[in-house]
Amino acid sequence: VQLQACGGGLVQAGGSLRLSCAASGRTSSGYYMAWFRQPPGKEREFVAGISWNGGSTYYADSLKGRFTISRDNAKNTMYLQMNSLKSEDTAVYYCAARFGTSRAVGAFPYWGQGTQVTVSS
């Protein structure tokens, strides 16, 4: 499966962005999908994950309540709605897919190319 993330950009603190991750190739509907981010100079970290049917969602504890993950299997697309953005949310955001739930970067065989999110204070 091939993944392509988009929707990043420059936003002021307190603003919102919605990221999208489009899947192509082998159908993505059976995959658990997730968002990760890599802030400047730091390691890549888990942001949120969603089960293959959207029935279960998982979030990094620090992001609960501000970020919402969703997916539309009919469109082969996953989303990340980010609200009340803070300067510390500045990072390259990546989407990823695998079979089975995980929060570990190394557990995901499929990755999108990343989209830059910059939050200005």
Side-chain angles (χ1 to χ4, degrees):
V1 61
Q2 292 78 46
L3 305 174
Q4 185 164 1
C6 64
L10 175 64
V11 62
Q12 289 187 334
S16 298
L17 278 176
R18 188 175 81 155
L19 306 183
S20 298
C21 176
S24 60
R26 187 174 179 177
T27 179
S28 66
S29 61
Y31 289 88
Y32 168 84
M33 298 184 73
W35 289 99
F36 290 79
R37 69 183 183 183
Q38 188 163 13
K42 297 184 179 180
E43 294 185 348
R44 196 170 299 189
E45 63 184 13
F46 174 80
V47 172
I50 188 165
S51 61
W52 69 274
N53 63 354
S56 297
T57 56
Y58 310 87
Y59 295 94
D61 288 343
S62 62
L63 300 176
K64 286 181 180 177
R66 295 196 298 122
F67 289 14
T68 302
I69 190 171
S70 61
R71 67 190 295 169
D72 184 343
N73 285 343
K75 297 182 179 180
N76 288 327
T77 303
M78 175 180 65
Y79 305 97
L80 184 68
Q81 178 67 44
M82 305 186 293
N83 298 327
S84 302
L85 284 162
K86 306 175 181 180
S87 58
E88 52 263 43
D89 295 318
T90 295
V92 178
Y93 284 72
Y94 298 89
C95 56
R98 71 183 304 273
F99 285 115
T101 304
S102 180
R103 298 182 179 222
V105 172
F108 286 79
Y110 304 109
W111 289 88
Q113 84 286 5
T115 185
Q116 175 71 47
V117 172
T118 302
V119 183
S120 63
S121 57

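Basis for what follows: all heavy atoms, side chains included, without hydrogens, waters or symmetry-related copies.
Side chains of Val105 and Glu45 form no contact here, defined as non-hydrogen atoms less than 4.5 Å apart. Counting heavy atoms from C-beta on, the side chains of Arg37 and Val92 never come closer than 4.5 Å. In this structure the side chain of Met33 never reaches within 4.5 angstrom of the side chain of Arg98, judged on heavy atoms. In this structure the side chain of Ile50 never reaches within 4.5 angstrom of the side chain of Tyr32, judged on heavy atoms. Here the side chains of Val47 and Leu80 are in contact, with some heavy-atom distance below 4.5 Å.
The heavy-atom pair separating Ser121 from Ser87 by the smallest distance is CB-CB, 4.4 Å. Nearest heavy atoms, Asn83 versus Ser16: OD1-OG, 2.9 Å. The minimum heavy-atom distance between Ala104 and Ser102, with the atom names listed, is N-OG, 3.0 Å. Nearest heavy-atom pair across Ala96 and Phe108 is CB-CD2, 3.4 Å. Residues Leu19 and Gly8 share a closest heavy-atom pair of CD2-N, 3.6 Å.
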Inset, instruction - Please report the C-alpha distance between Val1 and Tyr31 in whole Å, then the side-chain angles of each, then the deciding distance to 0.1 Å, and finally whether the side chain to side chain contact (heavy atoms under 4.5 Å, CB included) criterion is met. - result: CA-CA 10 Å; Val1 61; Tyr31 289 88; 4.2 Å; yes

Inset, instruction - Please step through ring pair (Phe, Tyr, Trp, His ring centres under 6.0 Å) for the pair Tyr94 and Phe36, ending with a clear verdict. - result: CA-CA 5 Å; Tyr94 298 89; Phe36 290 79; 8.6 Å; no

Inset, instruction - Could you go through the side chain to side chain contact (heavy atoms under 4.5 Å, CB included) check for Asp89 and Met82 one step at a time? - result: CA-CA 9 Å; Asp89 295 318; Met82 305 186 293; over 6 Å; no

Inset, instruction - Evaluate side chain to side chain contact (heavy atoms under 4.5 Å, CB included) for Tyr58 paired with Arg103, printing each intermediate quantity in order. - result: CA-CA 9 Å; Tyr58 310 87; Arg103 298 182 179 222; 3.8 Å; yes

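Atom OG1 of Thr90 and atom CG of Leu85 lie 8.5 Å apart (nearest 0.5 Å). Note that the CZ atom of Arg66 and the OG atom of Ser84 stand 7.0 Å from one another [nearest 0.5 Å]. Atom CH2 of Trp35 sits about 12.5 Å away from atom OH of Tyr59, to the nearest 0.5 Å. Rounded to the nearest 0.5 angstrom, Tyr93 OH and Thr115 OG1 are separated by 10.5 Å. Taking NZ of Lys86 as the reference point, atom CG of Leu63 lies at 8.5 Å (rounded to 0.5 Å).
Under a hydrophobic clustering in which Ile, Leu, Val, Met, Phe, Trp and Tyr are joined whenever their side-chain heavy atoms come within less than 4.5 Å, directly or via other members, Leu10 and Leu17 fall into different clusters. Linking ILVMFWY side-chain heavy atoms closer than 4.5 Å, directly or via other members, places Tyr79 and Leu3 in two distinct hydrophobic clusters.
A cation-pi arrangement is absent between Arg71 and Trp52, since the terminal nitrogen or guanidinium carbon is not both under 6.0 Å from the aromatic centre and inside a 45° cone about the axis.
Checked by atom type, the side-chain pair Asp72/Thr77 shows no donor-acceptor distance below 3.5 Å.
Atom CD of Gln4 sits in a sparse spot, with 12 or fewer heavy atoms from other residues, nucleotides or ligands closer than 6.0 Å.
The SG atoms of Cys95 and Cys21 sit under 2.5 Å apart.
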